[in-house]
Amino acid sequence: MRTLFDTPSAYACDPASSADPVPPVQAVLFDFANTIFHMIDVAVWLRRIAADTGRTDELDDPAALAAVEADLAAAYQLPEVLAVQVGRDLTADRHRDAMLAWFAAVPFLRGHEAAAQARVVHADSWVPYQDTGAVLRGLRERGVRVGVVSDIGWDIRVHVDRAGLGDLVDTYALSFEAGREKPDPELFRKACADLGADPRATLMVGDNPVRDGGASAAGLRCYILPAEHRTGDRGLAPVLDLVQAVR
């Protein structure tokens, strides 16, 4: 059956399946950044860079710190900086080059770009939201397999392991390893295949309706969180209500 306003999709549902009940969710994929983990506060990040480069006293003045934060935001909007962000997560080298170009445009970081980049990927620079652990454990208790699908330029397993959550994630589909970025359907298909999960019985959880919501074209359902800065729970608990325990 076709309708006049069919949505373009990379997933073809066969006629029999299209008439059957929608299968229950039995696997969950999570975005990483700003979904289950967040980077440390930028002020903390800058102070750690200052300590690494022997300039701790330069950020003692709150006004000086605020000025560097403003410089960071302004530098990211420069055309030459924005240009190298396109496709930056396709390889580790492209990600590193994109970050170095950004930091080189910030006076406080100029000449110390490598130190700043090292702090981006440092094991303790990313931490889980307050409800991440509880939700991952809840999924494990229900027998639901879990994957992480992320546009990222380095191995984020180090952050998950450091948080003591590594045994709760069954697979990773990372853009720099796959050479693909979301919303490419193949990235979601890879994660489902690694989990042995039917895409139609898999839920994608993220905060970007374009990138994470692109999973719908691969047959998945999507749960999109508000793209907001959170310092408490991320709002992940409803995910547990959307899955069915796997016997």
Side-chain angles (χ1 to χ4, degrees), residues 28-46 48-49 69 72-73 76 81-82 84-103 116-136 146-166 168-184 187-188 190-191 203-215 220 222-236 239:
V28 179
L29 306 179
F30 289 96
D31 173 47
F32 177 73
N34 303 323
T35 297
I36 56 173
F37 274 67
H38 63 90
M39 193 174 175
I40 56 174
D41 185 80
V42 67
V44 175
W45 176 70
L46 286 168
R48 289 179 180 177
I49 296 168
E69 292 181 4
L72 265 170
Y76 195 78
V81 173
L82 286 173
V84 294
Q85 307 306 313
V86 178
R88 73 181 184 195
D89 293 321
L90 289 170
T91 71
D93 287 343
R94 289 180 68 166
H95 186 278
R96 177 179 172 83
D97 289 346
M99 294 295 100
L100 295 181
W102 180 12
F103 302 150
Q117 166 64 8
R119 276 293 166 187
V120 170
V121 304
H122 196 280
D124 64 4
S125 289
W126 292 80
V127 294
Y129 286 100
Q130 293 181 8
D131 50 347
T132 295
V135 169
L136 292 180
V146 169
V148 171
V149 181
S150 178
D151 286 346
I152 203 78
W154 71 94
D155 192 348
I156 55 176
R157 296 172 182 85
V158 63
H159 310 301
V160 181
D161 289 343
R162 185 178 185 277
L165 303 175
L168 301 177
V169 177
D170 299 296
T171 195
Y172 293 81
L174 308 182
S175 61
F176 85 100
E177 293 178 337
R180 299 174 181 272
E181 291 180 320
K182 295 179 289 188
D184 188 325
L187 205 55
F188 304 108
K190 176 187 181 329
L203 176 71
M204 176 67 202
V205 182
D207 68 317
N208 188 306
V210 175
R211 290 181 176 269
D212 300 315
L220 290 79
C222 302
Y223 183 67
I224 304 299
L225 298 162
E228 61 186 14
H229 178 64
R230 298 290 306 158
T231 56
D233 284 356
R234 186 61 177 98
L236 296 169
V239 171

Show me the side-chain donor-acceptor pairs of residues 172-180 shorter than 3.5 Å, one per line, residues at least two apart or across chains.
unit_1	atom_1	unit_2	atom_2	d
Ser175	OG	Asp89	O	2.7
Ser175	OG	Ile152	N	2.8
Ser175	OG	Ile152	O	3.0
Glu177	OE1	Arg157	NH2	3.4
Glu177	OE2	Arg157	NH1	3.1
Arg180	NH1	Asp184	OD2	2.8

Could I get the full list of side chain to side chain donor-acceptor pair (under 3.5 Å) partners for [X], not counting sequence neighbours?
{"X": "Asp170", "result": "Arg140"}
{"X": "Thr132", "result": "none"}
{"X": "Asp212", "result": "Lys182"}

Worksheet entry | Residue that, paired with Arg119, satisfies side chain to side chain contact (heavy atoms under 4.5 Å, CB included) out of Ile40, Asp124, Val44, Leu46 |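 Of the listed residues Ile40, Asp124, Val44, Leu46, the side chain to side chain contact (heavy atoms under 4.5 Å, CB included) partner of Arg119 is Asp124.
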
With sequence neighbours excluded, tell me which residues meet side chain to side chain contact (heavy atoms under 4.5 Å, CB included) with [X].
{"X": "Ala73", "answer": "none"}
{"X": "Ala33", "answer": "Trp126"}
{"X": "Val120", "answer": "Met39, Trp45, Phe103, Gln117, Trp154"}

Practice prompt. Please lay out, stage by stage, how Leu168 and Val146 fare under the test side chain to side chain contact (heavy atoms under 4.5 Å, CB included).
Written response: CA-CA 7 Å; Leu168 301 177; Val146 169; over 6 Å; no

Fill in: salt bridge (charged side-chain N to carboxylate O under 4.0 Å, His left out) contacts touching residues 33-44 (sequence neighbours left out)
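Listed once each, the pairs would be none.
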
To the nearest 0.5 Å, what is the distance between [atom1] on [X] and [atom2] on [Y]?
{"X": "Ser150", "Y": "Asn34", "atom1": "OG", "atom2": "CG", "value": "10.0 Å"}
{"X": "Met204", "Y": "Phe188", "atom1": "CE", "atom2": "CZ", "value": "5.5 Å"}
{"X": "Gln85", "Y": "Leu82", "atom1": "CD", "atom2": "CG", "value": "7.0 Å"}

Name each donor-acceptor pair under 3.5 Å that joins a side chain in residues 90-99 to protein atoms two or more places apart or in another chain, with its distance.
unit_1	atom_1	unit_2	atom_2	d
Thr91	OG1	Arg94	N	3.0
Arg94	NE	Gly87	O	3.2
Arg94	NH2	Val86	O	3.2

Which atom names give the shortest non-hydrogen contact between [X] and [Y], and what distance separates them?
{"X": "Asp31", "Y": "Ile36", "value": "O-CG1, 3.4 Å"}
{"X": "Asp131", "Y": "Leu236", "value": "OD2-N, 2.9 Å"}
{"X": "Ala227", "Y": "Asp207", "value": "CB-O, 3.8 Å"}
{"X": "Pro183", "Y": "Gly214", "value": "CB-CA, 3.8 Å"}
{"X": "Val160", "Y": "Phe37", "value": "CA-CZ, 3.8 Å"}

Item to complete: Can you sort out the partners of Arg88 under salt bridge (Lys or Arg N to Asp or Glu O under 4.0 Å), two or more places apart, ordered by chain and number?
Response: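 By the salt bridge (Lys or Arg N to Asp or Glu O under 4.0 Å) rule, Arg88 matches no residue at all.
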
Worksheet item: For Ala191, does its backbone N or O pair with a side-chain atom of Thr171 as donor and acceptor, under 3.5 Å?
Response: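 No, the answer is negative, given that no donor and acceptor are paired below the 3.5 Å cut-off.
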
Fill in: For Phe30, all residues meeting ring-ring contact (aromatic ring centres under 6.0 Å, His included), sequence neighbours excluded
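Applying ring-ring contact (aromatic ring centres under 6.0 Å, His included) to Phe30 gives none.
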
